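These notes concern the structure reproduced below.
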Amino acid sequence: MAQIYRESALVLGRERLADGIFSLRLQTERIAAECAPGQFVSVYCADSSRLLPRPISVCEADPEKGILRLVFRVAGKGTKEFSGLEKGDKLTLTGPLGNGFPLEKLAGRKVLLAGGGIGIPPMLQLAKALSGGENQASELTAVAGFRDCLFLTEDFSPYCRVLIATEDGSAGTKGTVLDAMRENDSSPEVICACGPAPMLRALKQYAAEKGIECWLSLEEKMACGVGACLSCVCRSAEVDEHSRVKNKRVCTEGPVFAAEEVEL
Amino acid sequence: MSQNMSVSIAGVTLKNPVMVASGTFGSGIEFSRFLDLSRLGAVVTKGVAITPWEGNATPRICETPSGMLNAIGLQNPGAETFIKRDLRFLEQFDTKVIVNVCGHSAEEYVDCVRRLADEKRADLLEINISCPNVREGGIAFGTDPKGVERITKEIRKAAVQPVIMKLSPNVTDITEIAAAAEAGGADALSMINTLTGMKIDVRRRTFALANRTGGLSGPAIHPVAVRMVWQCAQRVKIPIIGMGGIASAEDALEMLMAGASAVSVGTANFHDQTTVLQVIDGISAYLDENGIGDVRELIGCVR
């Protein structure tokens, strides 16, 4: 079993990126050093009347400095609490959790990273990992889909070509990430995606039709975050070795799955 | 001062009165990264049936104030995998193992209990006749005194290990159910399972859980659990394992004083994986601070 740590991280800074979207930089002891692209952390509320941890994907991890960056949407009272943290505050985390994207299978290939809304942040760390070094992709494109306000797109620019789709047409292609891919004649060998279920469903179907390899990062409500409670399962195509039924744990077997492994 | 933390449940000695509640801890495999399972009084495993169960659709959980609702639906890998993987894993720890058993019918409970008969690592059996999330998954047997007495007798006859009946709080008078389980031959009681609840997502204008209803657990239900344990402790002679929202040593002490011989920490494991250790250490510290040499002196001391 890979190591998982529970740590009290130090808040180095907080930034508001867009309406309801916040970025936290955290100093960790071990988590950032051992975090792979696509993994996530459980974040705990200081107010223990909110007792479940919030699973948040890792946007960036600097292994040398031990700095972790989380970008999240304020969706309720827990994430509201995190959005009010200040430099110098402490935040309890468990991580790194789950399995990230299979870097060795992406190396040397034409890779497209698709992020929708709050599914965009984990793609940044993946873009960095595939933009150079031993797992460098032969061609790397990120496509980011938004409702309206953009965030993080400039962070991607140093690492890859960036395509943008907005529902209201205020920037880039009017429509979905798939519309942006079609408009730009994107022809990847592999797609890696994180975003809302309809987007993942559409990409899975698109990839199957075109015979493209596809990896999806799923989201589900979690309680323990480490594989014990069976809250966060997804439907799997085959009987899972752990569960012995057609269910896989998003927190443990996932959150990244081969598209054909899961039913959406 | 020397201190005794050990308690006995149905002839099985636990090194301390603190265990984990079924369904919140798996079989301890995942939590063993965070704590030494040998420190626990017992590990209570997630409910297992004779065959694998798929459980309910997602979302299976949602948070509520100082609690949560769950409707996992007793997903489990079946007795064979559980024995080969989970019970084998637990052999390496110096703790007791309580295997929680579920079924759709009396026959399924009996089959599972029989399958566990030769398993030395299963020290006690806890029978879930109180899951609110599976029709015929327990609650059907657990809310009628006659039904409880009947199924307890059948399981008692088939079981080699001592039998703990886990009771539902979703009844008019839980002492009637407790008395029925005792009359059926139960060696001990676990109480309480979750309280049936519902949350509506007002943004989506639908149920927060795919199952519509779920079981409420966490600190929100603790006072209800203490009251029910106290009531049943007055009524039955068999030992009671108290659970329901225990998140601190103080919560556990309340439960012991109300009449529980041991306690289980459940939902609080999700907030901090090491809660159960804090509860053990906190009880020990309380004994020291109050000059009490034996934890058993606290059991049922509030009448």
Side-chain angles (χ1 to χ4, degrees), chain A residues 1-8 42-55 75-79 92-95 97-98 197 218-236 239-252 262-264, chain B residues 20 23-35 45-47 51-78 80-82 85 203 208-210 217-220 245 247-248 266-275:
Chain A
M1 290 195 291
Q3 283 295 307
I4 296 176
Y5 308 98
R6 187 181 174 96
E7 288 186 12
S8 177
S42 274
V43 187
Y44 298 81
C45 295
D47 178 346
S48 65
S49 73
R50 295 192 278 275
L51 52 90
L52 298 181
R54 273 56 175 167
K77 289 172 187 159
T79 40
T92 304
L93 309 175
T94 295
L97 300 173
L218 305 190
E219 190 179 40
E220 190 48 74
K221 296 267 188 214
M222 294 182 186
C224 75
V226 294
C229 70
L230 309 186
S231 297
C232 66
V233 299
C234 61
R235 298 290 293 161
S236 57
V239 169
D240 174 60
E241 193 189 332
H242 179 270
S243 74
R244 305 288 168 166
V245 291
K246 289 185 174 181
N247 275 342
K248 286 180 182 289
R249 300 169 293 182
V250 171
C251 69
T252 302
V262 291
E263 288 174 6
L264 301 173
Chain B
V20 288
T24 64
F25 206 74
S27 294
I29 295 171
E30 296 80 13
F31 276 79
S32 67
R33 300 163 184 268
F34 301 98
L35 59 125
T45 58
K46 177 164 171 58
T51 55
W53 289 14
E54 290 215 332
N56 291 328
T58 56
R60 289 177 167 187
I61 58 156
C62 68
E63 192 179 73
T64 58
S66 292
M68 66 180 287
L69 288 167
N70 91 80
I72 307 294
L74 297 174
Q75 181 187 324
N76 78 87
E80 297 309 321
T81 298
F82 171 79
R85 178 182 64 201
R203 267 176 295 189
L209 300 179
S217 64
S248 66
T267 300
N269 296 315
F270 300 148
H271 187 70
D272 185 338
Q273 298 91 346
T274 63
T275 303

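Note that the structure is a prediction, hence the values are computed from the model and not measured.
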Point-to-point distance, once rounded to the nearest 0.5 Å, from SG of A/Cys224 to CZ of B/Phe34: 9.0 Å
- line: residues 51-69 of chain B vs salt bridge (Lys or Arg N to Asp or Glu O under 4.0 Å), sequence neighbours excluded, gives A/Arg54-B/Glu63, A/Arg235-B/Glu54
field: chain A contact via B/Pro65 - side chain, backbone, both or neither, heavy atoms under 4.5 Å
entry: backbone
field: Contact winner vs chain B - A/Thr252, A/Val239, A/Val233, A/Asp240, heavy-atom pairs under 4.5 Å
entry: A/Val233
- line: Exactly one of B/Ile72, B/Asn76, B/Leu74, B/Asn70 clears side chain to side chain contact (heavy atoms under 4.5 Å, CB included) with A/Leu230, and that residue is B/Ile72
- request: For A/Arg6 and B/Gln273, work out which heavy atoms get closest and say how close.
  value: NH1-OE1, 2.7 Å
- prompt: Is the closest side-chain heavy-atom distance between A/Arg249 and B/Glu30 below 4.5 Å?
  reply: yes
Inter-residue atom distance B/Arg33.CZ - A/Gln3.CD, 0.5 Å rounding: 7.5 Å
- request: Counting only heavy atoms closer than 4.5 Å, note whether A/Cys45 contacts chain B via side chain, backbone, both or neither.
  value: backbone
- prompt: Rounded to the nearest 0.5 Å, what separation is found between the SG atom of A/Cys229 and the CD1 atom of B/Ile61?
  reply: 6.0 Å
- request: Taking all heavy atoms of B/Phe270 and all of A/Pro53, pick out the closest pair and write down the distance.
  value: O-CD, 3.4 Å
query: More than 12 heavy atoms of other residues, nucleotides or ligands under 6.0 Å from CD of A/Glu219: is that the case?
result: no
field: Contacting moiety of A/Lys77, where chain B heavy atoms sit under 4.5 Å
entry: neither
- request: To the nearest 0.5 Å, tell me how far B/Met68 CE sits from A/Lys221 NZ.
  value: 11.0 Å
- prompt: What pairs with A/Tyr44 under ring-ring contact (aromatic ring centres under 6.0 Å, His included), at least two apart in sequence or on another chain?
  reply: none
- prompt: Looking at B/Gly67, B/Gly55, B/Pro59, which one has more heavy-atom pairs under 4.5 Å with chain A than the rest?
  reply: B/Gly67
field: B/Thr81 versus A/Arg244, closest heavy-atom pair with distance
entry: OG1-NE, 3.2 Å
- prompt: When rounded to the nearest 0.5 angstrom, what distance separates OG1 in B/Thr64 from CG in A/Leu52?
  reply: 8.5 Å
message: Looking at every non-hydrogen atom in both residues, tell me the closest pair between A/Leu51 and B/Ser66 and how far apart they are.
response: CD2-C, 3.7 Å
